Amino acid sequence: MKESYVFYQGEIIRESQVNIGIRSKAFNYGLGCFEGIRAYWDDEKQQLYGFRLEEHYERLLESCKALYMDIPYTVEELCRWTVELLKKNEFKTTVYIRPVVYKGSDELTPTLYGDDDNRVLIYCQPLGSLVDKETLRVAVSSWRRISDTMLPPRTKPTAAYLNSALASLEALQNGFDEAVFLTDAGNVCEGPGENIFIVKKGKLITPPPSDHILEGITRDLVMELAKNELGMEVVERSISRTELYNSEEVFFSGTAMEVTSIVEVDRRKVGTGEEGKICKELKEIFQDVTRANNPKYAHYCTPVY
Ligand SMILES: Cc1ncc(COP(=O)(O)O)c(C=O)c1O
């Protein structure tokens, strides 16, 4: 396999040149935050498109601010470096991009204070569908989602993904494909790495930011497409667990997961037990939008070549 290039501390270098110390605060305490971005390859146009790069880097800088990990780059600079990195790796396939900001110093205590140990790393890898199934069977987790008063999920902190991993582990060990979190107050929150939607009486409903979700960039797109392209009413409101059982459709959205139908929750069939009409339509529109084939949304796509 060709060695990959990464962005590290202001330059593009070979991945093997990056050295992350065993004593670093990121490794020992999970002091870091990250983003997950995709670049979509369009075979017909022989073009790779970074998808909503600006929104992802705006969210990363907001996370950095909240976590006291300021970095010396603007959104524009981070977008430019990302395009350079994709070019340097000569990708001709759909790619997952992972920017990480972390505390790199060896200091023993888990302090966030001080800018001298902030590191910025961006790596990428080819990624087709995240899961090898068209539809998912999920279970509500016995693990509750972390809240904004504990480990703010909106900052995409690396440490928070232990909460996600525990929920996924439980779901997989119990024979399901993925978990769904409830908040501490018992409302439906999100998946371990994706937002959740239900369709009820023709309305598209999704939990509000006040239910401790990550305000997903795919979630935002799904809401926009449902309103503009399908003429649906979109509602952000708290959802109860049993509403999942009685919805016409349930589906996940996320950069890695894209738009994926949920056909069973806690061993109860959702709707017909097959991918729903709305989810299917949104998926089809999503395919076009992410590859700059829909002029209305072409501004979300940054051509790499
Ligand atoms: C916990 C969590 N929720 C939701 C999402 C979906 O967000 P986005 O659509 O911006 O990828 C992600 C993925 O980043 C996530 O990790």
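Just follow the structure's listing: the first ligand is 1, and inside any ligand the first atom is 1. Computed from a predicted model, the values in this text were never measured in an experiment.
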Which atoms of ligand 1 are found less than 4.0 Å from any heavy atom of Gly216? 7 (O), 8 (P), 9 (O), 10 (O)
Looking only at side chains, do Asn28 and Arg23 share a donor and an acceptor under 3.5 Å apart? no
Glu281 side-chain N/O to Leu230 backbone N/O, donor-acceptor pair under 3.5 Å: no
Can any side-chain N or O of Thr272 pair as donor or acceptor with the backbone N or O of Glu274 at less than 3.5 Å? yes
Is there at least one pair of N or O atoms, one from Glu215 and one from ligand 1, spaced under 3.5 Å apart? no
Flag for Ser147-Asp184: side-chain donor and acceptor within less than 3.5 Å: no
Where does Glu35 meet ligand 1, judged by heavy-atom distances below 4.0 Å: at the side chain, the backbone, both, or neither? neither
Classify the angle between the aromatic ring planes of Tyr305 and Trp41 as parallel (below 30°), tilted (30 to 60°) or perpendicular (above 60°). perpendicular
Where on Glu194 is there a heavy atom closer than 4.0 Å to ligand 1, on the side chain, on the backbone, on both, or on neither? backbone
Check this for me - ligand 1, Gly191, N or O atoms closer than 3.5 angstrom, yes or no? no
Out of Arg52, Lys156, Arg219, Arg38, who is nearest to atom 13 (C) of ligand 1 when you count heavy atoms only? Lys156
Less than 3.5 Å apart, any donor N or O on the side chain of Tyr57 or Arg59 sitting next to an acceptor on the other? no
Distance from atom 16 (O) of ligand 1 to nearest protein heavy atom, with residue and atom: Tyr161 OH, 2.5 Å
Counting from 1, what ligand 1 atoms have a heavy atom of Glu190 closer than 4.0 Å? 1 (C), 2 (C), 3 (N), 4 (C)
Protein contact to atom 6 (C) of ligand 1 [nearest heavy atom, distance to 0.1 Å]: Asn195 OD1, 3.6 Å
Pro192 and ligand 1 - part of the residue with a heavy-atom distance under 4.0 Å: backbone
Ring geometry between Phe251 and Phe197 (parallel below 30°, tilted from 30 to 60°, perpendicular above 60°): parallel
Got the closest protein heavy atom to atom 9 (O) of ligand 1, with its distance? Thr218 OG1, 2.6 Å
Using a 4.0 Å heavy-atom threshold (strictly under), name the region of Arg145 that reaches ligand 1: side chain, backbone, both or neither. side chain
Is there a donor in the side chain of Ser253 and an acceptor in the side chain of Glu258, or the other way round, less than 3.5 Å apart? no
Check whether any N or O atom of Ser253, backbone or side chain, sits under 3.5 Å from an N or O atom of ligand 1, and answer yes or no. no
Which residue and non-hydrogen atom of the protein lie closest to atom 11 (O) of ligand 1, and at what distance in Å? Thr255 OG1, 2.6 Å
Could you verify whether a donor N or O on one side chain and an acceptor N or O on the other, from Lys45 and Asn293, lie under 3.5 Å apart? yes
Taking Gly186's backbone N and O only, do any of them form a donor-acceptor pair with Thr183's side chain (distance below 3.5 Å, no angle check)? yes
For atom 12 (C) of ligand 1, find the nearest protein heavy atom and state the residue, atom name and distance (0.1 Å precision). Gly193 O, 3.2 Å
